[in-house]
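Have a look at the structure below before the remarks.
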2 protein chains.
Amino acid sequence: MTQARPLTPPRVPCDLCPLRRREGFRDFTGEELSFVSSFKFGELAADPGATIISEGERHPQLYTVLAGWGFRYKILEDGRRQILNYVLPGDLVGLQGNLMTEMLHSVESLTRMTLCIFERDRLTTLFRHHPSLAYDLTWIASREESMLDEHLLSIGRRTALERAAYLLAFLDHRARVTGAFGEEGPFILPLTQQHVADTLGLSLVHTNKTLRKLSDAGVLRWLDRGSEVLERARLLEIAGWQPTKEGQRPFI
Amino acid sequence: MTQARPLTPPRVPCDLCPLRRREGFRDFTGEELSFVSSFKFGELAADPGATIISEGERHPQLYTVLAGWGFRYKILEDGRRQILNYVLPGDLVGLQGNLMTEMLHSVESLTRMTLCIFERDRLTTLFRHHPSLAYDLTWIASREESMLDEHLLSIGRRTALERAAYLLAFLDHRARVTGAFGEEGPFILPLTQQHVADTLGLSLVHTNKTLRKLSDAGVLRWLDRGSEVLERARLLEIAGWQPTKEGQRPFI
DNA sequence: CGCTTGATTGATGCAAGTCAATTATGGTGG
DNA sequence: CCACCATAATTGACTTGCATCAATCAAGCG
């Protein structure tokens, strides 16, 4: 378990932020932009498998993912792990759980990640002087909630096959709309089967057999440490799920 | 499935709000109080089993629970139901899911409930002129997230017995700190076993057998449509969970 | 007093867990 | 360039937790 390390100085100014270019993210006003620039504290780079946040610790910082994939998780005392959700570019990390106390979950990177660092202390200023950004923060928290709702429904009430189909469809969809795959692909979800198992609440062996069924049906292809969705429509049908189409979304 | 009905005129002014008296909830400044009073649109009363919010519909209102118990849920096309979380006095209903579009989940009452109605449109004003309340909103959303995180961990990785113990300990704890039991009790969680089953992602029969084990062990007592926790400590031990103690919490 | 809703219990079957190997695959140091 | 290793994926055999089916029991109620 590597540690994440701060990137000094390579610091993209916010008006050149690569996320800002992407469709799907809303534009800032000049005023918002200049505040966010001052809010920005630095950048963080993380190798695959690095711990970004760990449960129980106090984190005076918040992060926005600029590039790469990661996931949030919790573990029980005996080591059973549950992956709660995945974080992709544009997502705010560290808002979940209490706003100012110890973190209630951990975050780990799946691929190489870069994150933008913000200081929690300055949230007060944000709320006081930038209502539109404050609104965005609430919006972002609310969106995370609706994803967790879906996951709960899935783990609680879907069969193993449906769950697996849902997860891959969900991630594939999120990656496409955020541009996490890059321009031209490859469109590969960077997970191991262990991650899938820990997300679905299944054992590794059973996850393997379930994914095999999906592969055999030609709906997806499983690669060394990742998977590629081949037939989006059938995956959605198996899952019994439809992504809700969002317009432009905010990010901080 | 009854419908909830608006209460005309019985309208408690916010400065006399019964929640405000309870420990555990933070005080408002005079200014906050006067804004919230103007924000308040009316009250709603719901009999047990009434639908407060239904998935897919647009709700121009938000609600704060003043009294009573309810739950949020989602259902799959074939009727499988997953209860996502419970709502108790002081909780904000309708913030979860997207802020301004159709509701992504439903809410139903367990007991008789009264709710305070707010208009969503006026959120803009709240964000613009009342940063402290805006902060509270984000705090509330963030707290809901951390509960959902716990639930996910529970459903995904705990055994049936652990899950049941966790749920009852969780609800008992929340009811105590919010004063939902009333002053003197009785300290009874107003659930049927079907609700427990739909929360834990288990079948009704297996839920019954699991609860029986807890009853036989003397940890709780199951009544006609509800349960009473007898041995809090052992329940927590079985669940492998500890409630995080909160100080005063905000509410709108 | 029959009806409905909720709780309970036993019998049986299957989905998913556990155990235990085996087979890629890629990286690394000699 | 090639043994050697670590990580990931795969597979089969066996076990078990939980689901399903099918009754029965208890309590509140018009």
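In this text the structure is predicted, and so the values were computed from the model without any measurement.
- Nearest-nucleotide mapping onto DNA chain D: of Thr159(B) and Leu204(A), the residue sitting toward the 5' end is Leu204(A).
- Here dG17(C) is the nucleotide among dG17(C), dT8(C), dA9(D) with the atom lying nearest to any side-chain atom of Leu202(A).
- To the nearest angstrom, P of dC18(D) lies 8 Å from NZ of Lys213(B).
- Note: CZ (Arg80(B)) to P (dT20(D)) measures 9 Å, nearest angstrom.
- Between Tyr166(A) and Ser154(A), the closest heavy-atom pair is CD2-OG, 3.1 Å.
- In this structure, of dC19(C), dA11(C), dA8(D), it is dA11(C) that holds the atom nearest to the side chain of Lys209(B).
- Remark: Arg174(B) fails to qualify as a cation-pi partner of Tyr86(B) under the 6.0 Å distance and 45° angle criteria applied to the six-membered ring.
- Both Val205(A) and Asp224(A) lie close to DNA chain C; mapped to their nearest nucleotides by heavy-atom distance, the more 5′-ward contact belongs to Val205(A).
- Rounded to whole Å, atom C1' of dT15(D) lies 14 Å from atom NE2 of His206(A).
- Of the candidate nucleotides dT10(D), dT9(C), dA9(D), dA9(D) has the atom nearest to the side chain of Thr192(A).
- When the P atom of dG27(C) is taken as reference, atom CG of Asp47(A) falls 15 Å away, rounded to whole Å.
- Regarding Asp216(B), its CG atom lies at a distance of 14 Å from the C1' atom of dA7(C), rounded to whole Å.
- Whole-Å rounding puts the Leu220(B) CG to dA7(C) P distance at 13 Å.
- Relative ring orientation between Tyr73(A) and Phe71(A) is described as tilted, the plane-to-plane angle lying within the 30° to 60° band.
- Ring geometry, Trp69(A) versus Phe181(A): the interplanar angle falls from 30° to 60°, so the pair is classed tilted.
- In this entry the distance linking CZ of Arg212(A) with P of dA24(C) reads 12 Å, nearest Å.
- Among the nucleotides dG17(C), dC21(D), dG6(C), the one closest to any side-chain atom of Arg225(B) is dG6(C).
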Fill in: CA sep, side-chain torsions, deciding dist, call: Ser227(B), Leu168(B), side-chain contact (heavy atoms from CB on, under 4.5 Å)
CA-CA 8 Å; Ser227(B) 101; Leu168(B) 297 174; 3.9 Å; yes

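- Looking at heavy-atom distances under 4.0 Å, Ser203(A) makes contact with a base.
- In this structure, the nucleotide among dA9(D), dA7(C), dT20(D) sitting nearest to the side chain of Gln193(B) is dA7(C).
- Side-chain proximity of Asn208(B) to dA7(C), dG12(D), dG17(C): nearest is dA7(C).
- One can place CD1 of Ile155(B) at 20 Å from P of dG17(D), the figure rounded to the nearest angstrom.
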